[in-house]
Amino acid sequence: MRSSSHGRRERLRGMIRQTGFASLGELAETLTVSESTVRRDLEHLEQTGDVRRTHGGVFWTGESATIRAFEGRKDTTWSVKAAIGAAAAELIEEHDTILLDGGSTTYELARCLVGRKLQVVTNSLPVAHLLSSSDSIDLVTIGGCVRGRTAVAIGPMAESMLRQINVRLAFLSVAGINQRGYFNNNMMLVESEKAMLAAADQAYVVSDHTKFGKVSLSHLCRLQDVQGVVTDSGLDSCWKKQIEDAGVELVLAERKPNDSQSKPSDAGQS
């Protein structure tokens, strides 16, 4: 029975991945099982982050077959990043215009937005590919030189495009946060992120607690230059005080009890 359920879920996973979206009835008919069985299987796949159920069907939100920027990079902080993404998604209102930076944490945020009515601007190829399957999202992609490791578009062309737009909210990933502010590990990337800050009415940094107390190559901005920081409840109390003393909104995502503490897997965008 267990192997049969596993095989059915793998077929279900493959079908949704191939089409990007499928209705509950279509899946049940193709698999020749009841809709209640499909619902149970979809609940399992949603917990693994592969799909997101919406009214009328289910969207694929797992890794793309063609854009696999995060393959092999998942670490024990991944569930924490998913919790941060979910908390950041609650800041977004229906029909909002938002900007998403690249990185694994903003990708987790994007997973939560599939099926919502939004206008999304992004320089991230993985995020753009993920959201392109959602008809309810008006998607705008930023062009430029693509940074291979994280598949984000940066450089003068990206900055030129960003100067022509305005969004209500921007969500940025960083490699380090300390008393001086926010940092990333690529100077061209930081210049593009500065253009994102200028394009947004409000900007939020999304980062897990392991990035606090760290510094990287290029300085993005001061602590007080963003509206808020979305992080996890593992953040040390001294950093909570520094963020709040800077007049910055602090949003703490609750981690599951089995989420483990870990060191960052790399010094890049998170």
Side-chain angles (χ1 to χ4, degrees), residues 1-71 73-74 78-96 98 100 102-122 124-141 151 171 206 253-254 256 259:
M1 176 67 70
R2 184 176 180 180
S3 60
S4 174
S5 298
H6 176 75
R8 186 180 62 248
R9 287 170 182 166
E10 285 304 301
R11 281 191 64 197
L12 187 64
R13 185 176 183 274
M15 290 166 57
I16 303 168
R17 182 177 182 177
Q18 184 176 12
T19 60
F21 175 84
S23 70
L24 195 65
E26 290 171 342
L27 294 171
E29 182 178 355
T30 303
L31 293 173
T32 62
V33 296
S34 67
E35 291 192 3
S36 61
T37 297
V38 173
R39 286 193 189 94
R40 287 195 296 271
D41 289 342
L42 290 177
E43 183 176 356
H44 174 82
L45 292 177
E46 193 168 37
Q47 289 173 353
T48 64
D50 285 330
V51 304
R52 180 175 176 82
R53 290 177 292 174
T54 64
H55 294 296
V58 58
F59 286 96
W60 174 255
T61 59
E63 287 283 8
S64 162
T66 55
I67 303 177
R68 304 179 69 84
F70 309 122
E71 185 178 24
R73 294 182 58 211
K74 287 192 176 183
W78 203 271
S79 60
V80 176
K81 294 174 183 179
I84 293 170
E90 295 182 6
L91 300 170
I92 300 170
E93 301 171 0
E94 292 302 293
H95 304 288
D96 248 344
I98 67 169
L100 297 181
S104 54
T105 307
T106 48
Y107 187 83
E108 290 301 318
L109 166 56
R111 286 186 197 265
C112 300
L113 304 182
V114 173
R116 292 183 60 178
K117 295 179 180 179
L118 300 167
Q119 187 170 52
V120 180
V121 181
T122 185
S124 166
L125 297 186
V127 168
H129 190 273
L130 170 67
L131 297 182
S132 64
S133 64
S134 182
D135 291 339
S136 63
I137 290 180
D138 182 7
L139 181 65
V140 178
T141 58
F171 295 89
V206 291
E254 288 299 323
K256 296 178 182 178
D259 284 346

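The chain is numbered in sequence order, starting from 1. Here the structure is a predicted model, which is why all the values come from computation and not from measurement.
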Is there a donor-acceptor pair under 3.5 Å between the side chain of Ser134 and the backbone N or O of Leu131? no
Taking Arg8 for its side chain and Val33 for its backbone only, find out whether a donor-acceptor pair lies under 3.5 Å.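 Between the backbone of Val33 and the side chain of Arg8 there is no qualifying donor-acceptor contact (under 3.5 Å).
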Measure the [atom1]-[atom2] distance between [X] and [Y] for me, rounded to the nearest 0.5 Å.
| X | Y | atom1 | atom2 | value |
| --- | --- | --- | --- | --- |
| Leu118 | Glu94 | CG | CD | 6.0 Å |
| Thr106 | Lys81 | OG1 | NZ | 10.0 Å |
| Ile92 | Leu100 | CD1 | CG | 6.5 Å |
| His95 | Arg116 | NE2 | CZ | 10.0 Å |
| Ile84 | Ser79 | CD1 | OG | 9.5 Å |
| Leu42 | Thr37 | CG | OG1 | 10.5 Å |

Can you name the closest pair of heavy atoms from [X] and [Y] and give their distance?
| X | Y | result |
| --- | --- | --- |
| Pro126 | Ala151 | CD-O, 3.5 Å |
| Ala83 | Ala253 | O-CB, 3.4 Å |
| Gly85 | Leu109 | O-CD1, 3.4 Å |
| Ala128 | Leu139 | O-CD2, 3.4 Å |
| Ala88 | Val206 | CB-CG1, 4.1 Å |
| Cys112 | Ala86 | SG-CA, 3.7 Å |

Applying side-chain contact (heavy atoms from CB on, under 4.5 Å), run through Leu27 and Val58 and close with a yes or a no. CA-CA 10 Å; Leu27 294 171; Val58 58; 3.8 Å; yes
Have a look at Ile98 and tell me which of Thr122, Leu113, Val121 forms a side chain to side chain contact (heavy atoms under 4.5 Å, CB included) with it. Leu113
Exceeds 12 heavy-atom contacts within 6.0 angstrom, atom CD of Glu35: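 Above 12, so yes.
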Verdict with supporting geometry, Glu43 and Arg39, salt bridge (Lys or Arg N to Asp or Glu O under 4.0 Å): CA-CA 6 Å; Glu43 183 176 356; Arg39 286 193 189 94; over 6 Å; no
For salt bridge (Lys or Arg N to Asp or Glu O under 4.0 Å), just list the numbers for Glu108 and Arg111, CA-CA rounded to whole Å, side-chain angles, deciding distance to a tenth of an Å, and then say yes or no. CA-CA 5 Å; Glu108 290 301 318; Arg111 286 186 197 265; 3.0 Å; yes
